[in-house]
Protein chains: 2
Amino acid sequence: MGITKTEIFTEQQNEIATFAKAFGHPARVAILQHLFKINTCICGDLVEEIGLAQPTISQHLKELKNLGLIKGSIEGTSICYCIDTEKWLQMKKVMSQFLDQDILNETCC
Amino acid sequence: MGITKTEIFTEQQNEIATFAKAFGHPARVAILQHLFKINTCICGDLVEEIGLAQPTISQHLKELKNLGLIKGSIEGTSICYCIDTEKWLQMKKVMSQFLDQDILNETCC
DNA sequence: ATTATTCATCGTAATATTGCAATGAACTTA
DNA sequence: TAAGTTCATTGCAATATTACGATGAATAAT
């Protein structure tokens, strides 16, 4: 039904999925990569840099901001976005727990 | 339009997004975690273990299989799934490149 | 052969996501 | 004040995703 049954999963599983979903669109990957590269914040160049319409970029930024991965501060008429370092590290910890699971070599297939 | 403009992104960005999308649903996270835990394959216990209908689990398995993260081999009347170790390591490398970006402390906000 | 088991596939309904044009809010500059 | 800049929000159309009942295919057991 297009709706995810979050209530049947653990908090950890839902958290992993939520972070992963944020990275599940190349535009958001590109935004984050650009924020890392330019580092000292940026503003509307993302629209030019990425090539999607301004409302679309704004929407992706909103999702990342809601998750807490980026912060934005008003800078006159423009807005200055940057990675939220603390949250990023917290996210990495959560994702690592999932990605770094031990692989035993007794696979069957 | 519900459709992602993959053509305007780099191959790497699309690859990251594709892997991340696979982890963007708690059911698929749970499936992978269970496959790691049980290790030597499993079959239909996933349905019982997770609590979604059999066609739903089957659909999630298909997505993971299409991505190559899991393999399945017929075992009589049941099917034996397991992590594709090589692909999993390859995925980890791709995701690490993205997640382990250097954080400079000259953030603006 | 018939029945049971296990899993995939099909079809469908409900909801979510992606994308953009139009518009609005807030500030800057002329 | 008026016009320009920058970004958010609204509203909408198109497509994607999630979930499941019904059904089908393949093998196993009786």
Side-chain angles (χ1 to χ4, degrees), chain A residues 1-9 13-14 17-31 34-35 41-67 70-82 108-109, chain B residues 1-9 13-14 17-31 34-35 41-67 70-82 108-109:
Chain A
M1 318 175 176
I3 197 171
T4 298
K5 287 189 156 183
T6 53
E7 69 278 6
I8 66 173
F9 301 102
Q13 287 164 342
N14 284 316
T18 301
F19 281 130
K21 201 189 275 186
F23 304 142
H25 193 289
R28 291 189 290 268
V29 171
I31 287 173
H34 198 66
L35 282 175
C41 316
I42 59 142
C43 333
D45 356 62
L46 278 171
V47 176
E48 226 183 316
E49 176 77 16
I50 293 182
L52 287 172
Q54 180 266 318
T56 308
I57 296 291
S58 193
Q59 198 175 307
H60 286 304
L61 284 169
K62 190 180 175 185
E63 284 176 58
L64 293 172
K65 206 165 59 178
N66 283 344
L67 241 183
I70 64 175
K71 291 183 289 187
S73 60
I74 300 175
E75 198 85 16
T77 160
S78 62
I79 290 188
C80 183
Y81 284 106
C82 62
C108 66
C109 334
Chain B
M1 318 171 176
I3 197 171
T4 297
K5 288 189 156 183
T6 52
E7 70 277 7
I8 67 174
F9 301 102
Q13 287 164 343
N14 284 315
T18 302
F19 281 129
K21 203 189 274 187
F23 305 143
H25 194 289
R28 291 189 290 269
V29 171
I31 287 172
H34 200 248
L35 282 176
C41 316
I42 59 144
C43 333
D45 355 60
L46 277 171
V47 176
E48 226 182 316
E49 175 78 17
I50 293 182
L52 288 172
Q54 181 265 321
T56 308
I57 296 291
S58 195
Q59 197 175 307
H60 285 304
L61 284 169
K62 190 180 176 186
E63 285 176 57
L64 292 172
K65 205 166 59 179
N66 284 344
L67 241 182
I70 65 175
K71 292 183 290 187
S73 61
I74 299 174
E75 199 87 14
T77 160
S78 62
I79 290 188
C80 183
Y81 284 106
C82 61
C108 66
C109 336

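Since this is a predicted model, take the numbers as computed values, not measurements.
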| request: Return no unless some side-chain N or O of A:Ser58 is found under 4.0 Å from OP1 or OP2 of D:dC7. | output: no
| Value in whole Å for how far the C1' atom of D:dA16 lies from CD1 of A:Ile3 | 16 Å
| task | Might you point out which heavy atoms bring B:Ala30 and B:Ile50 nearest each other, and give the distance in Å? | result | CB-CD1, 4.0 Å
| query | Is there a donor-acceptor pair closer than 3.5 Å between any side-chain N or O of B:Arg28 and the backbone N or O of A:Ala17? | reply | no
| said: Counting C-beta onward and ignoring hydrogens, is there a side-chain heavy-atom pair between B:Lys71 and B:Lys65 closer than 4.5 Å? | reply: no
| said: Between P on C:dT6 and CD1 on B:Ile79, what's the gap in Å once rounded to a whole number? | reply: 12 Å
| note | Heavy-atom nearest pair, A:Ala53 first then A:Val47, reads C-CG1, 4.4 Å
| Hey, which of these two, A:Thr6 or A:Ser78, hits DNA chain D nearer its 5' end, going by closest nucleotide? | A:Ser78
| query | Heavy atoms, side chains only, cut-off 4.5 Å: are B:Leu46 and B:Leu61 in contact? | reply | yes
| message | Between C:dA8 and B:Gln54, counting only base atoms on the nucleotide and side-chain atoms on the residue, is there a donor-acceptor pair under 3.5 Å? | response | yes
| How about A:Ile79 and A:Ser73: do any of their side-chain heavy atoms sit closer than 4.5 Å? | no
Please enumerate all protein N or O atoms sitting under 3.5 Å from an N or O of nucleotides 28-30 of chain D, with distances to 0.1 Å.
none

| task | Take A:His60 and B:Pro55, find for each the nucleotide of DNA chain C with the closest heavy atom, and name the residue whose nucleotide sits nearer the 5' end. | result | B:Pro55
| query | How many Å lie between CG on A:Asp45 and P on D:dT6, as a whole number? | reply | 10 Å
| Non-hydrogen side-chain atoms of B:Glu7 and B:Lys5 separated by less than 4.5 Å | yes
| field | For B:Asn14 against B:Phe9, the heavy-atom pair lying closest together | value | ND2-O, 3.7 Å
| request: Kindly give the heavy-atom pair with the smallest separation between A:Lys21 and B:Gly24, and that separation in Å. | output: CE-O, 3.5 Å
| field | For atom NZ of B:Lys62 and atom P of D:dA16, their distance in whole Å | value | 15 Å
| said: Over all strands shown, is A:Leu52 touching base, sugar-phosphate only, or nothing at heavy-atom distances under 4.0 angstrom? | reply: sugar-phosphate
| What is the distance from NZ of A:Lys5 to C1' of C:dT15, rounded to the nearest Å? | 14 Å
| note | 5'-most contact on DNA chain C (nearest-nucleotide basis), B:Gly44 vs B:Gln59, goes to B:Gly44
| message | Let me test you: for the helix from C:dA1-D:dT30 to C:dA30-D:dT1, what is the angle between the axes at its two ends (five pairs each), rounded to 10 degrees? | response | 10°
| said: Within the 4.0 Å heavy-atom criterion, would you say B:Ile74 contacts the bases, only the backbone, or no part of the nucleic acid? | reply: nothing
| task | Calculate the interatomic distance between B:Leu61 atom CG and C:dT9 atom P; express it in whole Å. | result | 11 Å
| request: Considering non-hydrogen atoms only, spot the tightest contact between B:Tyr81 and B:Ile70 and give its length. | output: CD2-CD1, 3.9 Å
| message | From CG of B:Leu46 over to P of C:dT6, roughly how many Å is that when rounded to an integer? | response | 14 Å
| task | Taking all non-hydrogen atoms of both residues into account, name the closest pair between B:Phe23 and B:Val29 and its distance. | result | O-CG2, 3.4 Å
| task | Assign A:Glu75 to base, sugar-phosphate, or nothing according to its heavy-atom contacts below 4.0 angstrom with the strands shown. | result | nothing
| For A:Ile8, does the CD1 atom sit with more than 12 other heavy atoms under 6.0 Å from it, leaving out its own atoms? | yes
| said: Over all strands shown, is A:Thr56 touching base, sugar-phosphate only, or nothing at heavy-atom distances under 4.0 angstrom? | reply: base
| query | How many Å lie between NZ on B:Lys21 and P on C:dA16, as a whole number? | reply | 17 Å
| task | Tell me which residues in residues 22-29 of chain B put a heavy atom below 4.0 Å from DNA chain C, sorted by number, or none. | result | none
| Is any side-chain heavy atom of A:Asn66 less than 4.5 Å from a side-chain heavy atom of A:Lys62? | yes
| request: For the side chain of B:Lys65, starting at C-beta, report the closest nucleotide among C:dA8, D:dT9, D:dA16. | output: C:dA8
